[in-house]
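Take a look at the structure set out below.
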Amino acid sequence: MADWHIGVIGGSGLYEPGALEDAQEIAVNSAFGDPSGPVVTGKIGGVQFSFIARHGAGHRLSPSHVNYRANIDTLKRCGVTDLLAISAIGSLKEEFAPGDFVVVDQLLDRTVQRERSFFGDGIVAHVPLADPVCPRMSKMAASAADRAGAKVHEGGTYVAIEGPQFSTRAESHVFRDWGANVIGMTAMPEARLAREAELPYALVGMVTDYDCWREPDGDVDVADIVALMSTNAENARAMLAEFAAALPKTRKASPIDTVLDTAIVTPRDVWDVGAAARLDAVAGRLMSFFAEPQE
Ligand SMILES: CSC[C@H]1O[C@H](OP(=O)(O)O)[C@H](O)[C@@H]1O
Ligand SMILES: Nc1ncnc2[nH]cnc12
């Protein structure tokens with residue numbers, strides 16, 4: 001049993017975490033390049049939170065240019081135990097209306113030009129991803145959003161597109177045929193990397209639009225999205241306060257905390273020293289043994 005430390009990744013329109021007690025801004029050096037910006041860390045109702053704005057201050061990074069590896073590595077270095085990602089999403093389903101919250105439970109990955117793993121150059125790992133989000137975090141996030149007054153849908157399949165352009169109408173219809181319910185540009189590879197870093201991950205999407213499949217709606221308009229997200233940002237902050245208030249006092253272990261135990265296929269005695277050094281946070285739990293003299 002341990003203390004919670006919740007990492008929050010704020011998406012479009014959510015560039016600040018709101019009031020944190022004892023807030024501090026810290027610059028963290030990641031082994032995977034530059035994160036989107038500094039981490040703001042502090043407490044909400046006695047619970048430690050660390051926040052990073054996914055697209056950076058002033059929204060300077062497009063979904064393809066966000067360094068997802070550095071963001072997750074940085075939050076792990078801060079001591080985060082669990083991750084709550086917040087995103088603007090388009091709806092591919094009539095019932096998911098603008099303003100609603102969707103707690104995503106499945107992901108389809110259509111991204112094409114992003115680093116999607118911490119492993120591969122000297123240490124190879126294959127983590128399970130059948131259920132890419134943490135059910136415990138998702139449940140708590142859904143309840144918190146509900147208490148904060150949002151209309152919440154529990155479960156939904158998110159298709160991650162590369163962007164930065166929105167989808168064509170044909171793509172939007174195909175994604176619906178595939179069973180996708182919401183669309184965005186950032187949940188992948190974020191969720192993959194969270195799993196590799198042994199961080200239970202939940203994704204709360206805030207619906208900003210109906211994408212372009214729905215007649216007679218017009219095209220997606222980014223100005224409308226950011227305006228709606230900024231309004232929704234207050235709801236997101238209210239959700240964080242409710243989330244903190246309802247967390248059990250101590251954190252019980254999650255199976256995701258130890259997922260690397262059975263995922264690394266490269267035998268320890270041939271691990272690349274440089275790769276191991278870069279993984280000192282992501283797989284820090286295992287690296288301490290690496291430093292010990294081998295028999
Ligand atoms: C600004 S509209 C498109 C943009 O918004 C979403 O970002 P995030 O998931 O960080 O809220 C979407 O994925 C696109 O990146
Ligand atoms: N329609 C949409 N497509 C992709 N990303 C989005 N983010 C918010 N709305 C979106």
Side-chain angles (χ1 to χ4, degrees), residues 7-17 35-37 51-68 70-72 75 83-94 96-104 107-114 132-133 141 156-176 178 180-194 201-214 217-233 235-237 239:
V8 178
I9 304 178
S12 300
L14 190 66
Y15 306 108
E16 285 160 25
S36 299
F51 175 93
I52 195 161
R54 186 184 285 122
H55 301 278
H59 204 122
R60 289 169 296 101
L61 298 167
S62 86
S64 307
H65 293 98
V66 170
N67 187 338
Y68 298 90
N71 285 353
I72 302 282
L75 289 169
L83 276 178
L84 188 52
I86 302 175
S87 276
I89 50 173
S91 170
L92 300 173
K93 182 172 171 166
E94 188 67 40
F96 293 178
D100 292 1
F101 282 38
V102 180
V103 183
V104 167
L107 293 161
L108 287 168
D109 193 355
R110 292 268 304 159
T111 64
V112 291
Q113 60 171 61
R114 303 174 187 188
V133 302
T157 298
Y158 173 122
V159 58
I161 59 170
E162 183 61 46
Q165 302 84 4
F166 294 111
S167 304
T168 66
R169 220 174 302 285
E171 287 168 334
S172 198
H173 285 295
V174 167
F175 297 149
R176 275 166 52 80
W178 284 357
N181 309 127
V182 297
I183 185 165
M185 304 179 192
T186 59
M188 287 294 206
E190 201 169 79
R192 295 179 186 280
L193 296 165
Y201 175 92
L203 174 57
V204 178
M206 293 155 80
V207 178
T208 51
D209 56 273
Y210 272 113
D211 203 46
C212 59
W213 59 273
R214 189 170 177 260
D217 290 359
D219 293 351
V220 187
D221 182 340
V222 74
D224 293 345
I225 292 179
V226 174
L228 187 55
M229 268 305 271
S230 302
T231 317
N232 277 357
N235 296 344
R237 293 188 190 109
M239 173 183 75

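Remember, it's 1-based here, ligands and their atoms both numbered in the order they're listed. The structure displayed is predicted, hence computed values, not measured ones.
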Next on the checklist: Within the 4.0 Å heavy-atom shell around Val222, which atoms of ligand 1 are there?
Outcome noted: 1 (C), 2 (S)
Next on the checklist: As an exercise, identify every atom of ligand 1 less than 4.0 angstrom from a heavy atom of Gly184.
Outcome noted: 13 (O)
Checklist entry - Between Val182 and Leu92, does a side chain to side chain contact (heavy atoms under 4.5 Å, CB included) hold up when you go through it step by step? => result CA-CA 5 Å; Val182 297; Leu92 300 173; 5.7 Å; no
Can you tell me the protein heavy atom closest to [atom] and the distance?
atom                    : answer
atom 8 (P) of ligand 1  : Arg54 NH1, 3.3 Å
atom 10 (O) of ligand 1 : His55 NE2, 2.5 Å
atom 3 (N) of ligand 2  : Phe166 CD2, 3.4 Å
atom 9 (O) of ligand 1  : Thr186 OG1, 2.6 Å
atom 15 (O) of ligand 1 : Pro63 CG, 3.1 Å
atom 12 (C) of ligand 1 : Met185 N, 3.7 Å
atom 2 (S) of ligand 1  : Ile225 CG2, 3.6 Å
atom 3 (C) of ligand 1  : Phe166 CE2, 4.1 Å
atom 9 (N) of ligand 2  : Asp209 OD1, 2.6 Å

Proximal atoms of ligand 2 relative to [X] (non-hydrogen, under 4.0 Å):
X      : answer
Ile225 : 8 (C), 9 (N)
Gly184 : 4 (C), 5 (N)
Met185 : 4 (C), 5 (N)
Ala88  : 7 (N), 8 (C)
Asp211 : 1 (N), 2 (C), 3 (N)

Would you call [X] and [Y] a side-chain contact if the rule is heavy atoms closer than 4.5 Å?
X      : Y      : value
Phe166 : Cys212 : no
Val66  : Asn71  : yes
Thr186 : Tyr158 : yes

Next on the checklist: For ligand 2 and Gly90, I'd like to know whether there is a polar contact (N/O to N/O, distance under 3.5 Å).
Outcome noted: yes
[X], portion touching ligand 1 at heavy-atom distance under 4.0 Å:
X      : value
Met229 : neither
Ser87  : both
Thr208 : neither

Checklist entry - Can a salt bridge be assigned to the pair Asp219 and Arg169 using a cut-off of 4.0 Å between side-chain N and carboxylate O? => result yes
Next on the checklist: Looking at Glu16 and Arg237, is there a salt bridge between them, counting it only when a charged N and a carboxylate O are closer than 4.0 Å?
Outcome noted: no
Next on the checklist: With a 6.0 Å cut-off (strictly less than), is the heavy-atom count around CZ of Arg110, excluding the residue itself, greater than 12?
Outcome noted: no
Item to check | Among Ser12, Ala88, Ala187, closest by any non-hydrogen atom to atom 1 (C) of ligand 1 | outcome: Ser12
Next on the checklist: Pair Asp211, Arg176 - check salt bridge (Lys or Arg N to Asp or Glu O under 4.0 Å), show working.
Outcome noted: CA-CA 11 Å; Asp211 203 46; Arg176 275 166 52 80; over 6 Å; no
Checklist entry - Closest heavy-atom contact between Leu107 and Ala191? => result CD1-CB, 3.5 Å
Checklist entry - If only atom types and distance count, is the side chain of Thr208 paired as donor or acceptor with the main-chain N or O of Ile89 below 3.5 Å? => result yes
Checklist entry - Would a distance-only check, ignoring hydrogens and angles, find a side-chain to backbone donor-acceptor pair under 3.5 Å from Asn232 to Asn235? => result no
Next on the checklist: Regarding Ser36 and Arg60, do their side chains bring together a donor and an acceptor under 3.5 Å, going by distance alone?
Outcome noted: no
Checklist entry - How are the rings of His55 and His59 set relative to one another: parallel (under 30°), tilted (30 to 60°) or perpendicular (over 60°)? => result parallel
Checklist entry - Can you tell which part of Thr208 has a heavy atom less than 4.0 Å from ligand 2: side chain, backbone, both or neither? => result side chain
